[in-house]
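Below you'll find the structure, written out as structure tokens, and then a few comments.
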Amino acid sequence: MNIVTCFKIVPDDTLIKIVGDKLDLNVPPKISTYDKNAIEEAVRIKEKYGGKAIGVTAGNIDRKSIREALAMGLDEVIAINMKEPDVMTTAEAIAETISPIKPDIILTGEATTDSSTSVFSSYLASLLNYPVVTYAKSITIEGNKVRVERNLTTFQEIVETDLPAIISVVGEINTPRIPSVKQILESSKKPVKNVDYNKQPKVKIVNVSPYVITRKKIVIEGKMEEAVDKLLNYLSQEGVL
């Protein structure tokens with residue numbers, strides 16, 4: 001079984017700061033949160049059903065992050081160098097790169113922590129003509145079919161489709177493993193294939209700025225009943241009520 005997992009290397013969102021009216025994105029890179037869940041699930045499927053787990057990343061090809069993915073259990077990584085990736089162009093680059101592999105199952109994170117569009121898996125599915133299942137919280141493979149439990153917040157849904165298929169996972173599906181020192185050292189021996197993709201993006205990010213909330217800084221004091229009346233009166237004047 002050929003298992004492909006797509007992961008994106010993004011700025012560490014826990015370290016991003018607001019400086020004036022700009023976001024300081026000069027922070028260390030990391031593997032996007034849900035993409036780690038996708039990597040973990042790919043490795044678990046390989047361990048349970050056999051086969052090969054291949055990682056694919058496009059855009060930022062930070063070597064340290066790629067080694068982390070390999071240390072988690074991927075057999076190899078294909079790193080696609082793109083200078084100005086957008087979602088659609090990234091999907092095109094990955095589709096073109098992995099088509100010769102003929103993957104049986106492709107795993108992605110439900111959304112990335114930088115753009116959070118949640119549309120990459122659908123774009124990729126349309127290009128490869130694969131069925132796509134989103135919001136997966138558990139995956140079971142039975143012969144040539146895959147059974148997926150979906151977490152749709154207010155209810156759960158179980159769907160089934162034929163392989164090959166693309167599945168995007170949510171954080172509840174697993175807990176990504178922390179590689180041991182031995183696995184980290186061995187990761188340097190695993191193959192990393194570098195690919196250049198120079199197609200111009202369809203969308204370019206011109207500016208990134210923080211959403212700033214201007215607080216009213218109004219303190220309402222007094223006894224509870226009086227304070228509630230003052231609050232309701234103020235909200236009414238502001239047009240909230």
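Positions are given from 1 along the sequence.
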For Ser138 and Glu172, what are the C-alpha separation, side-chain angles and deciding distance, and is it a side chain to side chain contact (heavy atoms under 4.5 Å, CB included)? CA-CA 8 Å; Ser138 73; Glu172 294 94 327; over 6 Å; no

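- Cluster membership check: Val159 shares its hydrophobic cluster with Val169, using side-chain heavy-atom separations under 4.5 Å among Ile, Leu, Val, Met, Phe, Trp and Tyr.
- Using a cut-off of 4.0 Å between Lys/Arg side-chain N and Asp/Glu carboxylate O, Glu40 and Arg44 are scored as salt-bridged.
- Linking ILVMFWY side-chain heavy atoms closer than 4.5 Å, directly or via other members, places Val133 and Ile3 in a single hydrophobic cluster.
- The local environment of CG in Asn129 is sparse, with at most 12 non-hydrogen atoms from other residues, nucleotides or ligands closer than 6.0 Å.
- A heavy-atom distance below 4.5 Å is found between the side chains of Leu74 and Thr5.
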Could you walk me through whether Asn144 and Asp162 pass the side chain to side chain donor-acceptor pair (under 3.5 Å) check? CA-CA 6 Å; Asn144 196 44; Asp162 292 329; 4.9 Å; no

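- For the pair Asn81/Asn194, no side-chain contact is recorded, criterion being any heavy-atom separation below 4.5 Å from C-beta on.
- Taking CD1 from Ile94 and OG from Ser99, the interatomic distance works out to 11.5 Å, rounded to the nearest 0.5 Å.
- When the salt bridge (charged side-chain N to carboxylate O under 4.0 Å, His left out) test is applied to Glu92, the partners found at least two apart in sequence or on another chain are Lys199, Lys202.
- Residues Val170 and Tyr34 form no side-chain contact, since every pair of their non-hydrogen atoms from C-beta on lies 4.5 Å or further apart.
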Assess the residue pair Arg147 and Ile139 against the criterion (side chain to side chain contact (heavy atoms under 4.5 Å, CB included)); give the C-alpha distance rounded to whole Å, side-chain angles, the decisive distance to 0.1 Å, and a yes or no. CA-CA 6 Å; Arg147 186 179 178 88; Ile139 298 172; over 6 Å; no

I'd like a table of donor-acceptor pairs (distance under 3.5 Å, sequence neighbours excluded) in which one partner is a side-chain atom from residues 217-241, with atom names and distances.
unit_1	atom_1	unit_2	atom_2	d
Lys230	NZ	Glu221	O	3.4

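- The distance from atom CD1 of Ile184 to atom CG of Leu70, rounded to the nearest 0.5 Å, is 11.5 Å.
- Residues passing the side chain to side chain donor-acceptor pair (under 3.5 Å) test with Lys17, sequence neighbours excluded: none.
- Ile98 and Ile54 fall within the same hydrophobic cluster, defined by Ile, Leu, Val, Met, Phe, Trp and Tyr side-chain heavy atoms under 4.5 Å apart, directly or through other members.
- Residues Leu185 and Ser188 approach most closely at O-OG, 2.8 Å, considering heavy atoms.
- Remark: Glu47 engages Arg177 in a salt bridge, criterion side-chain N to carboxylate O under 4.0 Å.
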Quick one, Val146 with Glu160, criterion side chain to side chain contact (heavy atoms under 4.5 Å, CB included). Give me CA distance, side-chain angles, the key distance, then yes/no. CA-CA 6 Å; Val146 60; Glu160 190 177 86; over 6 Å; no

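- Under 4.0 Å is where a charged nitrogen must lie from a carboxylate oxygen, and between Lys30 and Asp62 no such pair does.
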